[in-house]
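Quick caveat, the model's predicted, so the values are computed rather than measured.
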Amino acid sequence: MQKSNTYILLIAVLLYACSGSRTVIGPTKVNPYQYTIQKKITGTHGAVVSAHPLASEVGLAILKQGGNAVDAAIATQLALAVVYPAAGNIGGGGFFVAHLADGKNITLDYREKAPGKAHRDMYLDKNGNAITSLSLYGHLAAGVPGTVAGLFAAAPHGKLPFKKLVQPAIDLAEKGYAITADEAADLNRAQAAFIKYNTVTPAFVKATPWKAGDTLVQKDLANTLKRIRDKGQAGFYEGETARLIVEEMQRGNGIISYDDLKSYTAKERQPSIFDYKGYTIVTMPLPSSGGILLPQMMNMIANKPLKSYGFQTAQSVQLMTEVERRAYADRAKFLGDVDFFKVPVKTLTSDAYAKERMKDYDPSKAGSSTAVQAGIIPESEETTHLSVYDNSGNAVAVTTTLNGGYGSKTVVGGAGFLLNNEMDDFSVKPGVPNMYGAVGGDANAIVPGKRMLSSMTPTIVLKSGKPYLVVGTPGGTTITTSVFQTLVNILEFDMNADDAVNKPKFHHQWLPDSLLVEKDFPLSVREQLQQMGYKIKERSAIGRTEVIRILPDGSFEAVGDKRGDDHAAGY
Ligand code: GLY
């Protein structure tokens, strides 16, 4: 779900003390019943930027208690699972990218996987037509969750005990917190779906409409988090929580089994690392399409005089659009889980291939997605991102997702967390678009145990081997183009982090063949592009990008996107 909130620096969210007891989350003394949104912070010690003020402040408190960026990223994710139920999660999955102070780059894949009983045609009716509602809503839409395994895979790189990192989330779930105006509106929009797709009434259902300042208490979720605190990963994938998940599946005709849960593992992957004009860019490899598309797109612009075209001129947008078109055509054909499908990663990300792909590029007119097919090679946007940095040199970029807003809308009865609807990120049938309009084929077909292709692109840019940028965003298929544009804004157009995040964005994904632009995208540029033959469509906000930019003197600027409740914390 994209938001178009007004960007107001340090404005108070209208929140009221709805509970007598004041929960203090760490030394920052943030009151979960009354807090403000801060869009920008500079400092020298450390920073956390995430989609919610309370989650960012939890991460900051952990840094102040001696935790490193990995600890802060874990605590922030857990807090988001409570205070940002539309996308923060323990019932979904995600990707973790870190550059550690000792120079190591780490990428963890805790993407959901297809359950053992899943099969290629599970969302087709007897005539072979796709029933996409089944991959989007309710029990059958859920992949086996990966987030908790991912948190425990990251934890050895932190310094503090896990119990300390999970406690703020437990407190927020148990004692409640005041919801923002955006959260109230989102919960109200989802009421009918919560009633339809649940077998046990979840905490999100309320007889009268939610409003800003209402307290959301999630006792069942608090108890699940306590089981994770006390039993570790087994507190989620085994025992009581596993029983609650499997019983929920049985009540709602879902297919996730005890064995699917117990056998789930997070995977450490080889990072996708490439150079761009002297910068080293570290990002998530497959099953993130970003690890292929980002180097592809950067390679395709590398030899073009983009900077001299100027920021958001018709010339620069046209070039970037054509680059996006070509990369996304390849995405549809070639990309999927490498453990199940042979993907020509080396070729797709090579300079030679980028050159070949741009051979038919014509700067004077719109390309066509019928003419531009995938290259020849031998053979919901509701996600959330957090960026963290500490001044000992650790940087962490995490993007995590339930897929659509509130995922499948199904909450595990008695366990209090939402299940993802990530099965829709598979290609349910070749050529049938998913919720983001993206198409796919064999590479991304459903196979038991396979991980569905993702767009999540948590990214770290290094300058002389040290963190320079920590970047990422939600936004479904717009994720990779938003990260691409944010990098181009800073590395080519010399923008500060604030402008790089908040200037209007645009998106092209091959099919459908239209150029999507945000409301504030300049009218004169739209007109010039239309004259070149582009079909332009205005759409809701694109992404919620969180950026930390570390300057040569060791200070940083941390920026939360204007497009939501995003909040930058630091000191
Ligand atoms: N569910 C959005 C993504 O992973 O790309």
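The backbone N or O of Asp390 sits nowhere less than 3.5 Å from a side-chain atom of Asn394 that would complete a donor-acceptor pair. The closest donor-acceptor contact from the side chain of Asp425 to the backbone of Ser454 lies at 3.5 Å or more, if one exists at all. The closest donor-acceptor contact from the side chain of Ser369 to the backbone of Trp510 lies under 3.5 Å. Judged by distance alone, the side chain of Arg451 and the main-chain N or O of Asp109 form a donor-acceptor pair under 3.5 Å. Proximity of a side-chain donor or acceptor of Arg325 to a complementary backbone N or O of Gly367 within less than 3.5 Å is detected. Side-chain atoms of Ser514 never come within 3.5 Å of backbone atoms of Ile536 as a donor-acceptor pair (strictly under, hydrogens ignored). Formation of a donor-acceptor pair under 3.5 Å by the Arg111 side chain with backbone atoms of Lys113 is not found in this model. Formation of a donor-acceptor pair under 3.5 Å by the Thr349 side chain with backbone atoms of Pro295 is not found in this model. Between the side chain of Lys429 and the backbone N or O of Asp121, no donor-acceptor pair lies under 3.5 Å.
Atoms CD1 and NZ, from Ile542 and Lys505 in turn, are 8.5 Å apart once rounded to the nearest 0.5 Å. Atom CZ of residue Phe340 and atom CD1 of residue Ile446 lie 12.5 Å apart, to the nearest 0.5 angstrom. The NZ atom of Lys40 sits 7.5 Å away from the CD atom of Glu557 when rounded to the nearest 0.5 Å. Here the straight-line distance linking atom OH of Tyr276 with atom CD of Glu492 works out to 3.5 Å at 0.5 Å rounding. The line from CG of Leu515 to CD of Glu322 is 9.5 Å long, rounded to the nearest 0.5 Å. The structure places CZ of Arg544 at 12.5 Å from CD1 of Ile479, a figure rounded to the nearest 0.5 Å.
For the residue pair Thr347/Ser350, the side-chain donor-acceptor check at 3.5 Å is not satisfied. Of the N and O atoms on the side chains of His99 and Asn105, at least one donor lies less than 3.5 Å from an acceptor on the other residue. When only modelled atom types and interatomic distance are considered, Gln509 and Thr477 share a side-chain donor-acceptor pair under 3.5 Å. Ser427 and Asn444 share no side-chain donor-acceptor pair at under 3.5 Å. Using modelled atom types, one finds a donor on one side chain and an acceptor on the other under 3.5 Å when comparing Ser555 with Asp553.
No more than 12 heavy atoms of other residues, nucleotides or ligands lie within 6.0 Å of OH in Tyr137, so this atom counts as exposed by the packing criterion. Within a 6.0 Å sphere centred on CD of Gln530, other residues, nucleotides and ligands contribute more than 12 heavy atoms. Around NZ of Lys277, the count of heavy atoms belonging to other residues, nucleotides or ligands within 6.0 Å exceeds 12.
Applying side-chain contact (heavy atoms from CB on, under 4.5 Å) to Arg326 and the options Met358, Gln296, His508 leaves one that passes, Met358. Checking each of Leu293, Ile273, Thr457 against Thr283 for a side-chain contact (heavy atoms from CB on, under 4.5 Å) leaves exactly one that passes, namely Thr457.
Two rings, from His507 and Tyr328, have their centers less than 6.0 Å apart. With ring centers used as reference points, Phe95 lies 6.0 Å or more from Tyr110.
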Requested in this report: Check the pair Asp330, Tyr353 against side-chain contact (heavy atoms from CB on, under 4.5 Å), reporting the backbone distance first and the verdict last.
Outcome: CA-CA 11 Å; Asp330 285 349; Tyr353 183 74; 2.7 Å; yes

Requested in this report: Could you please spell out the steps behind the side-chain contact (heavy atoms from CB on, under 4.5 Å) verdict for Val343 and Phe341?
Outcome: CA-CA 6 Å; Val343 179; Phe341 194 87; 4.2 Å; yes

**Report entry** Candidate pair Gln318 and Leu529, rule side-chain contact (heavy atoms from CB on, under 4.5 Å), full reasoning
**Finding:** CA-CA 7 Å; Gln318 196 262 355; Leu529 290 164; 4.0 Å; yes

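Note on ring orientation: taking the six-membered ring where Trp is involved, the planes of Tyr389 and Phe556 are perpendicular (angle over 60°, cut-offs 30° and 60°).
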